[in-house]
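To keep things clear, I will list the structure first and then write my remarks on it.
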Amino acid sequence: MTDTLSPADAPEFPMARAAGCPFDPPPALRALQQEGPLTKVRLWEGRTSWLVTTYAEQRAVLADPRVSADITRPGYPSPAPSSGGSLSFILMDDPEHARQRRMVQAAFTVRRVESMRPAVQKIVDDMIDDMLAGPKPVDLVEAFALPVPSLVICELLGVPYADHDFFQHSSKTIIRRTATPEQRAAAFGGLAQYLDGLVGKKLAEPGDDLLSRVAGRVSAGELTRQEAAQMGVLLLIAGHETTANMIALGTLALLQNPGQLALLRDTDDPKLVAGAVEELLRYLNITHNGRRRVALEDIEIAGQTIRAGEGIIMANDIGNRDPAVFPDPDELDIRRDARRHVAFGFGVHQCLGQPLARMELQVAYSTLYRRVPTLSLATDLDQIPFKHDGAVYGVYELPVTW
């Protein structure tokens, strides 16, 4: 497809998943991938953007210094009307992106995260204890998938878990595609104000938590208080929304693949558990708005020229189903080596919190099915409400019993 295609002739950016296939990317994405690595698609406001559908080309673009993640640049392919808020350094370019990222990356090293594993194990066991002691069926999202990562990120940041209803409601509004700009701005503003108040408290009485260390950067003149609050918003939202959806949707996918569930439930091999997490990340890929960039100069990719100022979308869900890299990509196979997936992105903007997400998922998956070996759905698959309206895919509810 040529780069002279008019917006009216370009297909819409595919978002709709097929009925009965809740784990697969939109069929229209697969069709575009089969046509070639790059094509132009029409966005919600009528402009066109380049859509990159194949794994190798996605990684090449994400690693290319000639593309920008700055949402304020003309041509950036926003997934929805702007709210006026910014999710801190993830929507910045180097050197400022790298400067701010370095301020918090020590909290997410593999060594630091592994030191948290016993505490996360206790949280998971406590949640399961409470669930088993209560009535059934139960909504696994409310009883387990959401509180586990929320408790973990609250502990890491130094955010009172008592406020979880407020910040979870706000974060859902911010990432919901169907929210109006006004709703999104109000939610972001309320959450930023809340984090600003917490930064103020940490400035006065610092503790042994990440938000206190961010507040210390304010005292040192390295961050403004507004930047510190925005950083807190990013870490709080990213720290619970994505992992919560992976726990619930991953459980549903395994329940629909009982042979794979049995392999994971019955193993005591940490390598198989870790591999199962990687395969579920590849197979589900819950960030289904694509990773978005804008070209800073002309770029040649797969025989096409992406002009300076044109938007680029990496459809990572279909990239992780590229048969050239992952044979039988629509099969869930926890024994597959799926570590090369792009669920966490690639390049300088690769997800900062991926070691924490991996560890939480390893603990959650391995413990839940071992302790509740007869876990099963308490409703039909077609009755489960999926999050088709959000930037992060998942389920609103997951009724289970045992």
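Atoms considered below: every heavy atom in the structure, side chains included; atoms not considered: hydrogens, waters and symmetry mates.
- Taking the charged nitrogens against the carboxylate oxygens, R30 and D330 do have a contact shorter than 4.0 Å, which makes a salt bridge.
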With salt bridge (charged side-chain N to carboxylate O under 4.0 Å, His left out) as the criterion, how do E279 and R282 come out once you've worked through the C-alpha distance, each side chain's angles and the decisive distance to 0.1 Å? CA-CA 5 Å; E279 172 66 352; R282 179 203 71 84; 2.8 Å; yes

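- For H240 and F167, the ring centers are positioned less than 6.0 Å apart.
- Because its NZ or CZ atom is both nearer than 6.0 Å to the ring centre of F13 and within 45° of the ring axis, R292 counts as a cation-pi partner of that residue.
- By the 4.0 Å N-to-carboxylate-O rule, E114 lies too far from R111 to be salt-bridged with it.
- Closest approach of A308 and D298 over heavy atoms only: N-OD1, 2.9 Å.
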Give the intermediate values and the outcome of side chain to side chain donor-acceptor pair (under 3.5 Å) for residues R42 and T48. CA-CA 4 Å; R42 189 170 69 255; T48 60; over 6 Å; no

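- In summary, of the residues considered (T53, V52, T39), a side chain to side chain contact (heavy atoms under 4.5 Å, CB included) with Q33 occurs for T53 alone.
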Would E222 and R99 satisfy side chain to side chain contact (heavy atoms under 4.5 Å, CB included), going step by step from the backbone distance to the final call? CA-CA 9 Å; E222 299 173 24; R99 187 183 77 87; 4.2 Å; yes

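- The distance from atom CE of M92 to atom CD1 of I71, rounded to the nearest 0.5 Å, is 11.5 Å.
- The 12-atom threshold is not exceeded at CD of E12, counting heavy atoms of other residues, nucleotides or ligands nearer than 6.0 Å.
- Note that R101 lies outside the cation-pi zone of F89, set by a 6.0 Å cut-off to the ring centre and a 45° limit from the axis.
- Considering CG of L146 and CG of N245, their distance stands at 8.5 Å, rounded to 0.5 Å.
- Between the side chain of K387 and the main chain of Y396, no donor-acceptor pair closer than 3.5 Å is present.
- A donor atom on one side chain and an acceptor atom on the other are found under 3.5 Å apart for D70 and T72.
- Across every non-hydrogen atom of P355 and V113, the tightest pair is O-CG1, 3.5 Å.
- Taking all atoms of both residues into account, the shortest heavy-atom contact from Q362 to V273 is O-CG1, 3.7 Å.
- A side-chain donor-acceptor contact under 3.5 Å links Q354 and R358.
- Side-chain polar atoms of D322 and T54 form no donor-acceptor pair below 3.5 angstrom.
- Heavy-atom minimum distance, A192 versus A229: O-CB, 3.8 Å.
- Between R321 and D24, at least one side-chain N (NZ, or NE/NH1/NH2) sits under 4.0 Å from a carboxylate O, which counts as a salt bridge.
- Note on residues 142-169: no pairs pass salt bridge (charged side-chain N to carboxylate O under 4.0 Å, His left out), not counting sequence neighbours.
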Mind running side chain to side chain contact (heavy atoms under 4.5 Å, CB included) on N320 and L281 for me, showing each step along the way? CA-CA 9 Å; N320 277 336; L281 286 163; over 6 Å; no

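- Applying the salt bridge (charged side-chain N to carboxylate O under 4.0 Å, His left out) test to residues at least two apart or on different chains, the pairs with a partner in residues 225-241 are D196-R225.
- The distance from atom CG of L280 to atom CD1 of I247, rounded to the nearest 0.5 Å, is 11.5 Å.
- Residue pairs that meet the ring-ring contact (aromatic ring centres under 6.0 Å, His included) test with at least one member in residues 295-333, sequence neighbours left out, are Y55-F326.
- Ring-plane geometry between H341 and F344 is classed as tilted, the angle between the planes lying from 30 to 60 degrees on a 0 to 90 degree scale.
- For the pair Y393 and P22, the tightest heavy-atom approach, listed with the atom from each and the gap, is OH-O, 2.8 Å.
- No side-chain donor-acceptor contact under 3.5 Å links Q304 and E300.
- Between R336 and D328 there is no salt bridge, since no side-chain N of the basic residue sits under 4.0 Å from a carboxylate O of the acidic one.
- Side chains of Y365 and T251: no donor on one and acceptor on the other come within 3.5 Å.
- In this structure H169 satisfies the side-chain contact (heavy atoms from CB on, under 4.5 Å) test together with T173, sequence neighbours excluded.
- For the 3.5 Å distance criterion, the side chains of N316 and T287 qualify, holding a donor opposite an acceptor.
- Residues H97 and V348 share a closest heavy-atom pair of CE1-O, 3.2 Å.
- R112 and S115 share a side-chain donor-acceptor pair at under 3.5 Å.
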Please list every donor-acceptor pair under 3.5 Å in which a side-chain atom of residues 201-209 meets a protein atom from a residue at least two apart or in another chain.
{"from": "K202", "atom 1": "NZ", "to": "G158", "atom 2": "O", "distance (Å)": "3.0"}
{"from": "K202", "atom 1": "NZ", "to": "D209", "atom 2": "OD2", "distance (Å)": "3.1"}
{"from": "D209", "atom 1": "OD1", "to": "L211", "atom 2": "N", "distance (Å)": "3.3"}
{"from": "D209", "atom 1": "OD1", "to": "S212", "atom 2": "N", "distance (Å)": "2.7"}
{"from": "D209", "atom 1": "OD1", "to": "S212", "atom 2": "OG", "distance (Å)": "2.9"}
{"from": "D209", "atom 1": "OD2", "to": "S212", "atom 2": "OG", "distance (Å)": "3.3"}

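- In this structure, CG in L375 is found 10.0 Å from CZ in F144, a value given to the nearest 0.5 Å.
- A salt bridge is absent between R307 and E310: the closest approach of a Lys/Arg side-chain nitrogen to an acidic carboxylate oxygen does not fall below 4.0 angstrom.
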Is there a side chain to side chain contact (heavy atoms under 4.5 Å, CB included) between L332 and F23? Walk through the geometry before answering. CA-CA 10 Å; L332 177 64; F23 311 118; over 6 Å; no

Identify every side-chain donor-acceptor pair in residues 257-271 under 3.5 Å, counting partners at least two apart or on other chains, and give the distances.
{"from": "N257", "atom 1": "ND2", "to": "A253", "atom 2": "O", "distance (Å)": "2.8"}
{"from": "Q260", "atom 1": "OE1", "to": "I334", "atom 2": "N", "distance (Å)": "2.7"}
{"from": "T267", "atom 1": "OG1", "to": "D269", "atom 2": "N", "distance (Å)": "3.0"}
{"from": "D269", "atom 1": "OD1", "to": "K271", "atom 2": "N", "distance (Å)": "2.9"}

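- D380 contributes no side-chain N or O that, together with a main-chain N or O of D382, makes up a donor-acceptor pair within less than 3.5 Å.
- Proximity of M359 to V120: side-chain heavy atoms (C-beta onward) are separated by under 4.5 Å at one or more points.
- Two residues are said to be in side-chain contact when any heavy atoms from C-beta on lie closer than 4.5 Å; L198 and P160 meet this criterion.
- We find the CD1-NZ distance between I312 and K40 to be 11.0 Å, quoted to the nearest 0.5 Å.
- Taking CZ of R47 as the start and OH of Y76 as the end, the distance is 11.0 Å to the nearest 0.5 Å.
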